[in-house]
Protein chains: 2
Amino acid sequence: MDSRGAILLRAAEIASVDGLEGVTIGRLAIELGMSKSGVFSHFGSKEELQLSAVHKAAEIFTREVVIAGGAALDLCERWLDYSKRRVFPGGCFFVVTRSEFAARPGRVRDALMLFHLRWASLLERLTGDAQLAFEVDALLAAADRFAVLYDDASAYERVRLALRARIAMPTGTEMSVARPNDSSIASQVSSMI
Amino acid sequence: MDSRGAILLRAAEIASVDGLEGVTIGRLAIELGMSKSGVFSHFGSKEELQLSAVHKAAEIFTREVVIAGGAALDLCERWLDYSKRRVFPGGCFFVVTRSEFAARPGRVRDALMLFHLRWASLLERLTGDAQLAFEVDALLAAADRFAVLYDDASAYERVRLALRARIAMPTGTEMSVARPNDSSIASQVSSMI
DNA sequence: CCTACCGATCGGTAGG
DNA sequence: CCTACCGATCGGTAGG
């Protein structure tokens, strides 16, 4: 109901399809039935709008993917499901925009780097292995890009199988809900918003 | 020396940094010291310019990466080196533009899909395993995106190690130059241009 | 290949 | 939040 939130949700959705540069103030105004200056006045510059959209997307991502109390494999399953459900219509907002801004210095890239660092450190904490965390992240991103590019969900199964082969299950805890590191994960969650 | 080639080379370079939508006719004109209509007249539409840039990038990629007579691991090493050398200043043209157009139907996406299908089938032929080929492709793309985003070449070493652990060396042929499947690879090369 | 131009859209501002 | 406007740039055209 708050219009700022509605603008940013739509901006994040558009960015997942057309990139953050494809998010224009005029387009948002038309799609939301507002005036251009009405949209613009919430942010003051396009860069602030982009940064706010990144923040909004981080909020959505955290809510949809980063649940407290999961093991590495659970987190991956949630990530794949989040991608498959098209929480963002063009696939994972962060996979798209990180690639878009990888070679463009500025505050938007910095924000995307920071978010990725937090995500990577969460993966590393849960897998207990930086190399494995890197490979897991690579496989998740590839599943997302392939599924969208080819409009073919089989990439998710492919990656699911690869991950199950690589990530060791914590023995004897497959059915448990609470885990010893619940609190550290919960703090990680809040730091990702 | 031919101006069409110079335009397309510059277009491909820009696209690796700013995406194919960041390639504008006015920008090309300024950077190449031409008039806008001089640039435009070679293509007739922006879509044709984008498609021609994809074709040009495929030519460059094939020249730099897809050499005849390599095993899977050799091809991966060449790919990582091509990314690391910044043949395209923003990293691999195809990793960038495929992500950019994954959710945007049209001729540009179709061209990028076709190129990727050929690349994936080459990887599958050399590895002899579709699942492994998928994972190799995922790791290469991740190395490229990470190295550019963090301006940190260590991702290449990380992926090199992962690939060496996964891709079996053809026993007894480590030092050979010619291989039995030279001709099939050579035909694959020409079909990628 | 050029100059000169077109309507549309861009990010952003003034003033209310 | 709005209308009305700004200069710059977009893809593209006419004519040479």
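What you see is a predicted model; the values in this text were computed from it and never measured. To find a chain, count down the sequence lines: A is the first, B the second, and so on, and within it residues start at 1.
One interatomic measurement links the two molecules: CD1 of B:Ile25 to P of C:dC1, which rounds to 15 Å at whole-angstrom precision. One atom, CD of A:Glu21, and another, P of D:dC10, lie 13 Å apart when rounded to the nearest Å. Residue B:Glu48 contributes atom CD, which lies 14 Å from atom C1' of D:dG12 at whole-angstrom precision. Following rounding to the nearest Å, B:Leu49 (CG) and D:dG11 (P) show an atom-to-atom distance of 9 Å. The interatomic distance linking B:Leu28 (CG) with C:dC1 (P) rounds to 13 Å, in whole Å. For B:His42 and C:dC2, the NE2 to C1' distance is 13 Å, given to the nearest whole Å.
In this structure the side chain of B:Leu140 reaches within 4.5 angstrom of the side chain of B:Trp119, judged on heavy atoms. B:Val54 has its side chain out of reach of B:Thr97: every pair of non-hydrogen atoms, C-beta onward, lies at least 4.5 Å apart.
Residue pairs meeting the ring pair (Phe, Tyr, Trp, His ring centres under 6.0 Å) criterion with at least one partner in residues 132-166 of chain A, sequence neighbours excluded, are A:Phe134-B:Phe146, A:Phe146-B:His116, A:Phe146-B:Phe134, A:Tyr150-B:His116.
In terms of heavy atoms, A:Cys76 sits closest to A:Leu163 at CB-CD1, 3.7 Å. When all heavy atoms are compared, the tightest approach of B:Ala155 to B:Ala147 is CB-N, 4.3 Å.
With hydrogens and angles left out, the side-chain atoms of B:Ser154 and B:Asp152 include a donor and acceptor closer than 3.5 Å.
The stretch residues 7-19 of chain A has no heavy atom under 4.0 angstrom from DNA chain C at all. Residues from residues 31-40 of chain B that place a heavy atom under 4.0 Å from any atom of DNA chain C, listed by number: B:Met34, B:Ser35, B:Ser37, B:Gly38. Listed by residue number, there are no residues of residues 99-107 of chain B with a heavy-atom contact under 4.0 Å to DNA chain C.
The residues B:Glu77 and B:Lys84 are annotated as not salt-bridged, no charged nitrogen and carboxylate oxygen being separated by less than 4.0 angstrom. Comment: B:Arg158 does not engage A:Glu135 in a salt bridge, judged by the lack of any side-chain N to carboxylate O separation of less than 4.0 angstrom. A salt bridge links B:Asp18 with B:Arg27: at least one charged nitrogen is closer than 4.0 Å to a carboxylate oxygen.
Between A:Phe94 and A:Phe61, the angle of the ring planes goes over 60°, which puts this pair in the perpendicular group of the 30/60° scheme.
Between C:dG12 and A:Ser45, no contact under 4.0 Å exists linking OP1 or OP2 to a side-chain N or O.
For B:Glu13 (side chain) and B:Pro89 (main-chain N/O), no donor-acceptor pair under 3.5 Å exists by modelled atom type.
Taking the salt bridge (charged side-chain N to carboxylate O under 4.0 Å, His left out) definition, one finds that A:Lys56 meets it with nothing, sequence neighbours left out.
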Pairing of DNA chain C as dot-bracket, 5' to 3': ( ) intra-strand, [ ] crossing, | other strand, . unpaired, with Watson-Crick or G-U pairs under 3.5 Å?
||||||||||||||||
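Comparing D:dC1, C:dC1, C:dG12 by their nearest atom to the side chain of A:Lys46 picks out C:dG12.
Of the candidates A:Ile30, A:Ile7, A:Leu49, A:Leu49 is the only one forming a side-chain contact (heavy atoms from CB on, under 4.5 Å) with A:Ile25.
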